[in-house]
Number of protein chains: 2
Amino acid sequence: MGEIPGLRERKKLRTRHALIAGALRLFLEKGYEQTTVSEIAMAADVSTRTFFSYFASKEEVVLCNARESLDHILRTFAERLPGESPADLLSRAVEMIFEALADDERGWEIAEVNRLVMTVPSLRAQALLLMFDAQHRMVDALQRAFPGELDAIEAAAAVGSVIGAAKLGISVGLKQGGPSQEVIGGCRRAVGLALAGLRAVAPFES
Amino acid sequence: MGEIPGLRERKKLRTRHALIAGALRLFLEKGYEQTTVSEIAMAADVSTRTFFSYFASKEEVVLCNARESLDHILRTFAERLPGESPADLLSRAVEMIFEALADDERGWEIAEVNRLVMTVPSLRAQALLLMFDAQHRMVDALQRAFPGELDAIEAAAAVGSVIGAAKLGISVGLKQGGPSQEVIGGCRRAVGLALAGLRAVAPFES
DNA sequence: TGCAAACTTACATCACGTGTACTTTTATGG
DNA sequence: CCATAAAAGTACACGTGATGTAAGTTTGCA
């Protein structure tokens with residue numbers, strides 16, 4: 001059975017990439033609201049209707065990469081390493097996110113997308129929704145990783161506080177400008193503070 | 001000059017209330033997406049265009065009360081009580097939110113709105129956006145309340161972890177059903193865990 | 001009573017998003 | 001190599017949310 005992608009699949013992937021790249025270029029050129037879906041479709045040489053068979057909404061074309069990264073991280077987040085405490089597991093998850101943000105050769109693109117998401121309210125809202133649902137999955141994973149040791153509220157407190165600190169740390173760092181290395185450094189410090197707190201409290205210490 | 005509201009103001013308030021009440025009734029009756037703005041306007045005996053002079057969007061008519069409550073809380077959050085630590089101040093803010101959620105005589109309406117917001121994705125996204133921006137204001141207020149004692153990252157870590165724990169605590173509690181008193185109890189426990197952590201870390205202890 | 005400002009309305013317009021039927025392209029089997 | 005079926009893409013129509021504009025109506029005030 002077809003280990004080779006096949007012409008059909010390859011064409012789909014090419015169209016999808018053309019839509020994403022064209023959309024991003026247009027958004028950065030003339031602004032998100034000022035760009036219509038019809039223009040994005042024309043730039044990729046497809047019909048407007050076809051755009052919506054690839055992406056459910058105009059926001060999705062910006063956030064689909066972030067969604068995929070999140071999915072990947074959450075899959076590897078599922079299993080607990082031997083001897084790992086809840087705080088350790090969360091720390092490892094956040095480090096995975098940092099790596100996805102920083103180490104890519106697409107660092108420039110990621111930074112541009114971040115700026116776009118932060119400045120466009122509807123994108124910010126969708127991104128927050130994405131992260132909120134991801135946190136629910138993290139709560140489930142954390143409870144499964146420590147069966148009988150954490151109830152739902154304790155898991156929610158752990159995930160919510162660490163990811164909450166990370167989100168606001170990134171956002172505050174971005175708002176006051178500065179190089180992205182510094183922003184990540186600030187966020188890492190914020191997460192460190194939240195984790196230090198967690199480790200001092202009974203159910204998470206080890 | 002006009003201490004008495006005036007006929008014009010009273011009429012505006014009545015129309016506004018009619019729009020909110022009618023919208024909420026329709027949303028609960030036949031669902032959020034299934035209700036059009038035109039129907040809401042007809043129920044309040046105004047034109048569709050007038051609806052948008054009262055509310056910027058369909059979501060706004062659901063979230064305007066929450067927005068006002070948040071604004072009120074953030075105003076009173078501004079000043080630090082004598083001898084209060086950052087953790088104390090945050091604890092007080094969260095308690096204010098709990099009171100706004102629980103003690104009202106409109107408890108039923110608030111619960112219904114919460115259920116609506118949680119089940120409709122676009123409302124959930126807007127609500128998260130509202131809270132995210134509120135957290136930024138809390139970071140500013142916290143820094144102003146403790147000048148020279150907290151930098152931006154420390155303030156972000158404190159606000160983000162406590163509010164993050166509260167949000168996820170509420171959401172997890174709501175998801176697994178149960179009476180609203182119990183949900184608030186669970187959230188209070190989640191916040192307590194995050195606060196206990198904060199209090200154990202240097203910049204927030206007292 | 002009459003004027004000015006605020007409010008409301010009807011109308012036009014645009015973009016997002018979806019349903020549907022039709023055409024084109026790709027895969028497969030004789 | 002062609003015929004057929006499945007998949008993808010297209011054209012078209014439509015509903016809804018949201019905004020601009022210019023007129024009409026109500027209110028406050030002199």
Between [X] and [Y], does at least one N-O distance fall below 4.0 Å, as a salt bridge requires?
X	Y	result
B:Arg115	B:Glu112	yes
A:Arg67	A:Asp133	no
B:Asp88	B:Arg199	yes

Which nucleotide in the list [options] gets nearest to the side chain of [X]?
X	options	answer
B:Phe52	C:dT9, D:dA11, D:dA18	D:dA18
A:Arg8	D:dG9, D:dG17, D:dA8	D:dA8
B:Val46	D:dG9, C:dT9, D:dA18	C:dT9
A:Glu59	C:dG17, D:dG9, C:dT8	C:dG17
B:Ser47	C:dT9, D:dT26, D:dA11	C:dT9

Looking only at atom types and distance, does a side-chain atom of B:Ser91 sit under 3.5 Å from a main-chain N or O of B:Ala87, one as donor and one as acceptor?
-> no
Expected output: side-chain A:Glu154 to main-chain A:Asp151 donor-acceptor under 3.5 Å = yes
Find the distance [X]:[atom1] to [N]:[atom2] and express it as a whole number of Å.
X	N	atom1	atom2	answer
B:Lys58	D:dG15	NZ	P	16 Å
B:Lys12	C:dA5	NZ	P	17 Å
A:Glu60	C:dT18	CD	P	12 Å
A:Asp45	D:dT10	CG	C1'	13 Å
B:Arg14	C:dC7	CZ	P	15 Å
A:Arg10	D:dA8	CZ	C1'	16 Å
A:Met42	D:dT10	CE	P	13 Å
A:Gln126	C:dG17	CD	C1'	14 Å

With a cut-off of under 6.0 Å to the ring centre and 45° to the axis, is B:Lys167 in cation-pi contact with B:Phe132?
-> no
Can you check whether A:Glu68 reaches A:Asn65 side chain to side chain, under 4.5 Å on heavy atoms?
-> yes
Results of side chain to side chain contact (heavy atoms under 4.5 Å, CB included) for A:Ala43 - residues two or more places apart only | A:Arg25, A:Leu26
Phosphate contact (D:dA8 OP1 or OP2) by A:Lys11 side-chain N/O below 4.0 Å = no
OP1 or OP2 of C:dT8 less than 4.0 angstrom from a side-chain nitrogen or oxygen of B:Tyr54, does that happen here?
-> yes
Do any of residues 28-38 of chain A sit with a heavy atom less than 4.0 Å from DNA chain C, and if so which?
-> A:Thr35, A:Thr36, A:Val37
Heavy-atom pair of closest approach, residues B:Ser161 and A:Ala194 = CB-CB, 4.3 Å
Identify whether any heavy atom of B:Thr48 sits under 4.0 Å from a base atom; if not, whether one sits that close to sugar-phosphate; answer base, sugar-phosphate or nothing.
-> nothing
Can you tabulate the close N/O pairs, meaning under 3.5 Å, that link protein atoms to atoms of nucleotides 19-21 of chain C?
unit_1	atom_1	unit_2	atom_2	d
C:dG19	N7	A:Arg49	NE	3.4
C:dG19	N7	A:Arg49	NH2	3.0
C:dG19	O6	A:Arg49	NE	2.7

